[in-house]
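Values reported hereafter were calculated over all heavy atoms of this structure, with side chains retained and with hydrogens, waters and symmetry mates removed. Naming convention: chains lettered A, B, ... in sequence-line order (proteins, then strands); numbering from 1 in each chain.
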There are 2 protein chains.
Amino acid sequence: MARRVSLKDVATAAGVSPTTASRVLSGVDRNVAPELAERVQAATVELGYRVNAAARALRLQTTGSIALVVPSVANPYYAELVASYSRHLDAEGRRVVTFDTNDSVESERRQLADMDRVMVDAVLIAPVDHEGSAPAIAALAATHAVVQVDRIAAGVDAPAVRLDNAAGIRLLVEHLREGGRERIVLVDAEPRSSASRERAEAFREVAGLGCTVLQMPTFSMHSGTEAARILRESADMPDAVICTADVVSLGLLTAFQHAGLRVPQDIALATFDGTALSGVTSPGLTTLDSVVDEIVRASLEIVDGTRTTGLLVTPRVLVRESTGH
Amino acid sequence: MARRVSLKDVATAAGVSPTTASRVLSGVDRNVAPELAERVQAATVELGYRVNAAARALRLQTTGSIALVVPSVANPYYAELVASYSRHLDAEGRRVVTFDTNDSVESERRQLADMDRVMVDAVLIAPVDHEGSAPAIAALAATHAVVQVDRIAAGVDAPAVRLDNAAGIRLLVEHLREGGRERIVLVDAEPRSSASRERAEAFREVAGLGCTVLQMPTFSMHSGTEAARILRESADMPDAVICTADVVSLGLLTAFQHAGLRVPQDIALATFDGTALSGVTSPGLTTLDSVVDEIVRASLEIVDGTRTTGLLVTPRVLVRESTGH
DNA sequence: CTGAAAGCGCTTACAG
DNA sequence: CTGAAAGCGCTTACAG
């Protein structure tokens, strides 16, 4: 790869000024003689010219790129979030660049501090830890356009778009009770995120005696199989489980089935994210319907300035076989 | 957000030249009087200065960022690939920006054409389609540093780092035969990628009568449950299945267990990627050991110029309970 | 040890 | 319709 071809090279080859070449290629100013335009196009192809992103961004003061910072792209919920942003932005020639904080406050801090090195117009972030994530996000928000998605960090002055987790818990508990389930366990991650905290609090309020919260280290299939083991070894098995991440539900389900437990006959299982995963297991999993598209839409409106306030999305239950009455 | 604070603002506030301010902040030239350095640091904090990525990249002609273009971050195999690149690059102050082509040649083409708009030093790509992906990748390779990872596109002149898929198939078939399995089915995606083709070809060569290939549209849990349904409805059930993606294996496993089939007693199951997923199911899945780290290491060496040729990684079998003899 | 000046590669207001 | 010139915000070779 020799020195990269610049716009000047193209202009020289086409026998026009860089101004004219730029006008042709950026497609902004259509007032160029057709013949010149053609020569510029030809030279572009001939030389294999590609615009320099840094120069363009420096001049335009905008990049068309948005950063999305999530705890784990391996979590299907966040994978679907990424995919939805891609779809929405692709359609208008913009793009999302994804950063995985690996569920680590330290990694998140490092990557946010490093955000200067990436050209983005805004940063969308799902904070790892309600308190621990706050300083780095607040610092970033002082100089960048920041929107909190799915979760919030304590006291950060940036709009937030997320699910009403407490309402979600109340809806699922209600649904399970209507099916006659009384001994419900909530399986969640350790309450580091705002979302986990809100759910645990709501669950403790609404669930009565015999309802407990089981907190696993992370959202993973492994947490699901571990939770299944713990539940089966406990003195009194619950008659229903709510898992707050589809990937955890999956681990629970395979472990239950491996142990010969029938879902929903022996134990009901409800999940939370509503990713595609929840619909393709056997049996299908009752879940809160996915709000990924609402989150994406509202957060992009904030980025684009057509919306100024955050949004708390109200959940709905999507009933499938796993909680069959 | 008012006008962004520039280096010049910091310099003015600190009463030094932009040259000196730059020397302090870029940390390159330590020959600055301690007192001046201190004033610059103070002004930086005071004003909330953050370097402009575009200006820096334009001047330095390098960004420290690498693009990784994968078919689906929702696939745990690619999620682990992303995570591994992040780990390796983070350690040296560089970063990976991830692009999801959504298993679509059209989306891949669009995003590669759009790569000009993102500042990256190199592009690592796992092509969606052996033939269909070739033109866009070849065009990109003419102007960018490109490395093909995990898969290749036909006739593209860019180094490739990937698993020896044929060898992997041969090893797994051999392992299953040693356990007395004779009627083996290979469950793979439609042979659009180079990897799927290599596997199908190797399987047809090594597997005998009664061994068939079942090709599903995509790598997903849903493909796994569908495959299970198809196999159970077929006239003669196999006694072993090789799934070429862990996420497909997972779908198969839950569907088998839901149907009351025991793994491995009734049917053996081997998988391919060796992601964390394969180790946390019940039973654990026999798999090829993960080669993600080898792929990451070699591909980064190529990017950094300490390696010039591609690499075909030789697989190893990791035996777990799902193929128990 | 410090700073004035050049230049990375674009785009666009301005003059013609 | 076209082009010369300015300037986006940095970094560094050069001169002092």
Side-chain angles (χ1 to χ4, degrees), chain A residues 1-40 43-44 47-65 115-121 143-144, chain B residues 1-41 43-44 47-65 116-121 143-144:
Chain A
M1 226 148 313
R3 189 179 68 78
R4 252 185 82 158
V5 177
S6 77
L7 185 66
K8 213 165 125 193
D9 299 325
V10 172
T12 304
V16 300
S17 71
T19 307
T20 298
S22 174
R23 279 202 267 257
V24 172
L25 296 181
S26 64
V28 147
D29 184 346
R30 297 284 63 207
N31 289 337
V32 175
E35 199 215 314
L36 295 195
E38 223 158 87
R39 290 207 320 251
V40 170
T44 300
L47 301 179
Y49 170 71
R50 296 203 155 217
V51 69
N52 179 306
R56 187 168 208 278
L58 177 59
R59 172 66 224 229
L60 259 34
Q61 303 286 46
T62 179
T63 67
S65 300
M115 202 51 76
D116 294 336
R117 297 288 149 96
V118 186
M119 302 190 314
V120 291
D121 296 332
T143 54
H144 289 64
Chain B
M1 226 145 315
R3 188 179 69 76
R4 253 186 79 159
V5 177
S6 76
L7 185 66
K8 211 165 125 192
D9 300 325
V10 172
T12 304
V16 299
S17 71
T19 306
T20 297
S22 174
R23 279 203 266 256
V24 173
L25 295 181
S26 63
V28 148
D29 184 347
R30 297 283 64 203
N31 288 338
V32 176
E35 198 214 316
L36 294 196
E38 222 158 87
R39 287 200 331 243
V40 170
Q41 297 288 11
T44 300
L47 301 179
Y49 169 72
R50 296 204 156 216
V51 69
N52 180 308
R56 187 166 210 279
L58 178 59
R59 173 65 224 231
L60 259 36
Q61 302 286 49
T62 179
T63 67
S65 300
D116 294 336
R117 297 289 149 95
V118 186
M119 302 190 314
V120 290
D121 296 332
T143 56
H144 288 64

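- Under the Watson-Crick or G-U wobble criterion, with both distances below 3.5 Å, C:dA13 is left unpaired in every strand shown.
- Considering only the side chain of B:S6, D:dG9 comes nearest among D:dG9, D:dT2, D:dC1.
- Between B:T20 and C:dG3, a side-chain N or O to OP1/OP2 separation shorter than 4.0 Å is present.
- The distance between atom CE of A:M119 and atom P of D:dG9, rounded to the nearest whole Å, is 14 Å.
- Rounded to whole Å, atom C1' of C:dT12 lies 15 Å from atom CG of A:L25.
- When each of C:dT2, D:dG3, C:dC10 is scored by its nearest atom to the side-chain atoms of A:A55, the top-ranked nucleotide is C:dC10.
- Listed pair B:T19 / C:dG3 fails the phosphate criterion, with no side-chain N or O lying under 4.0 Å from OP1 or OP2.
- Between the A:R4 side chain and the A:R50 main chain, a donor and an acceptor come within less than 3.5 Å of each other.
- Of the possible polar contacts, none joining the B:D121 side chain to the B:T62 backbone as a donor-acceptor pair under 3.5 Å is found.
- Between the P atom of D:dG9 and the CZ atom of B:R23 lies a distance of 21 Å, rounded to the nearest Å.
- Residue B:A33 is the one, among B:A33 and A:Y49, whose nearest nucleotide of DNA chain C lies closer to the 5' end (criterion: closest heavy atom).
- Going from atom CG of B:L58 over to atom C1' of D:dT11 covers 11 Å, rounded to whole Å.
- Here the P atom of nucleotide D:dG7 and the NZ atom of B:K8 are 10 Å apart, to the nearest Å.
- Taking atom CD of residue B:E35 and atom C1' of nucleotide C:dT2, one finds them 14 Å apart after rounding to whole Å.
- Between C:dT11, C:dA4, D:dT11, one nucleotide has an atom nearer to the side chain of B:S17 than all others, and that is C:dA4.
- One interatomic measurement links the two molecules: CG of B:L60 to P of D:dA13, which rounds to 11 Å at whole-angstrom precision.
- At the phosphate of C:dG9, neither OP1 nor OP2 sits under 4.0 Å from any side-chain N or O atom of A:N52.
- Pair assignment for C:dA4 gives none, since no Watson-Crick or G-U wobble pairing has each distance under 3.5 Å.
- Atoms CG (B:L47) and C1' (D:dG9) sit 15 Å apart, rounded to a whole Å.
- For the OP1/OP2 pair of C:dT11 and a distance below 4.0 Å, the side-chain nitrogens and oxygens of A:R56 include at least one atom meeting the criterion.
- Remark: side-chain polar atoms of A:T12 are paired, donor with acceptor, to backbone N or O of A:K8 under 3.5 angstrom.
- Note on B:Q61: a side-chain N or O is less than 4.0 Å away from OP1 or OP2 of C:dG9.
- In this structure, A:L36 and A:V24 have side chains that are not in contact, with every pair of non-hydrogen atoms separated by 4.5 Å or more.
- Counting non-hydrogen atoms of other residues, nucleotides and ligands closer than 6.0 Å to CD of B:E38 gives a total of 12 or fewer.
- Comparing atom distances between the B:V16 side chain and each of D:dT12, C:dG3, C:dA13 picks out C:dG3 as nearest.
- Taking atom P on both D:dC10 and D:dC14, the two are 24 Å apart, rounded to the nearest angstrom.
- Side chain of A:T44 to backbone of A:V40: a donor-acceptor contact under 3.5 angstrom is found.
- Residue-to-nucleotide contacts include no donor-acceptor pair under 3.5 Å from the side chain of A:R59 to the base of D:dG9.
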